[in-house]
Amino acid sequence: MRAADARARLQACATAVSSWDAVLRIAVQHQVAPLVLHALGQAGVLPRLPETARATLHHEMLGNIAAKATMRRALTDALAWFAGEAVDV
């Protein structure tokens with residue numbers, strides 16, 4: 001599917017949403033809210049969303065960024081420990 005076709009399809013779907021609360025609940029439950037935010041932004045649909053929906057997606061994205069930073073620090077610490085023990089990883 002071409003990018004323009006995907007964008008048009010996403011715009012049509014976003015216009016047809018009857019409950020953004022349901023979309024957000026499902027996106028958060030399946031841990032894909034940052035991906036939904038990105039896709040809606042790429043399609044130029046974000047301005048059409050209710051402010052609360054945009055805020056929720058943004059909040060979830062920030063939480064995702066923080067979680068990844070925490071995991072990166074833990075991984076860096078683990079790799080440093082292995083290096084200190086002369087274990088090749």
Side-chain angles (χ1 to χ4, degrees):
M1 178 182 305
R2 292 186 356 230
D5 294 336
R7 189 171 28 259
R9 182 176 286 181
L10 189 53
Q11 289 171 347
C13 289
T15 301
V17 169
S18 61
S19 173
W20 280 104
D21 288 339
V23 172
L24 296 172
R25 183 175 30 78
I26 293 166
V28 170
Q29 178 182 356
H30 291 278
Q31 300 178 343
V32 295
L35 179 59
V36 171
L37 177 67
H38 177 74
L40 292 173
Q42 290 293 104
V45 177
L46 284 178
R48 299 182 194 173
L49 270 64
E51 177 57 34
T52 56
R54 285 194 308 269
T56 298
L57 290 171
H58 186 72
H59 175 78
E60 291 295 320
M61 182 214 33
L62 292 177
N64 181 270
I65 290 169
K68 286 181 180 180
T70 299
M71 287 186 268
R72 180 184 172 109
R73 282 191 298 275
L75 178 58
T76 300
D77 291 347
L79 291 173
W81 182 85
F82 281 118
E85 296 295 316
V87 176
D88 289 331
V89 179

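Keep in mind that this is a model prediction, so the values were computed, not measured.
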Worksheet item: Is there a donor-acceptor contact under 3.5 Å from the side chain of R48 to the main chain of T15?
Response: no
Worksheet item: CD of E51 to OG1 of T56: how many Å apart, nearest 0.5 Å?
Response: 9.5 Å
Worksheet item: Which is it for V32 and I26 under the side-chain contact (heavy atoms from CB on, under 4.5 Å) test, yes or no, and what are the steps along the way?
Response: CA-CA 8 Å; V32 295; I26 293 166; over 6 Å; no
Worksheet item: Under 3.5 Å, is there a donor-acceptor pair between the T76 and R73 side chains?
Response: no
Worksheet item: Shortest non-hydrogen contact from E60 to P34?
Response: O-CG, 4.0 Å
Worksheet, complete the sentence: Here the pair of heavy atoms bringing L40 nearest to A14 is CD2-CB, 4.4 Å
Worksheet item: When rounded to the nearest 0.5 angstrom, what is the spacing between CG in L57 and CG in L62?
Response: 11.0 Å
Fill in: Heavy-atom donor-acceptor pair, Q11 side chain to G44 backbone, under 3.5 Å
no
Practice prompt. Could you tell me the separation between the OG1 atom of T70 and the CZ atom of R72, rounded to the nearest 0.5 Å?
Written response: 12.0 Å
Item to complete: Measure across L10 and A39 and return the closest heavy-atom pair with its distance rounded to 0.1 Å.
Response: CD2-O, 3.2 Å
Worksheet item: In the hydrophobic cluster built from side-chain contacts under 4.5 Å, what are the other members alongside L79?
Response: L75, W81, F82, V87, V89
Worksheet entry | CG on L24 to CG on L49, rounded to 0.5 Å | 7.5 Å
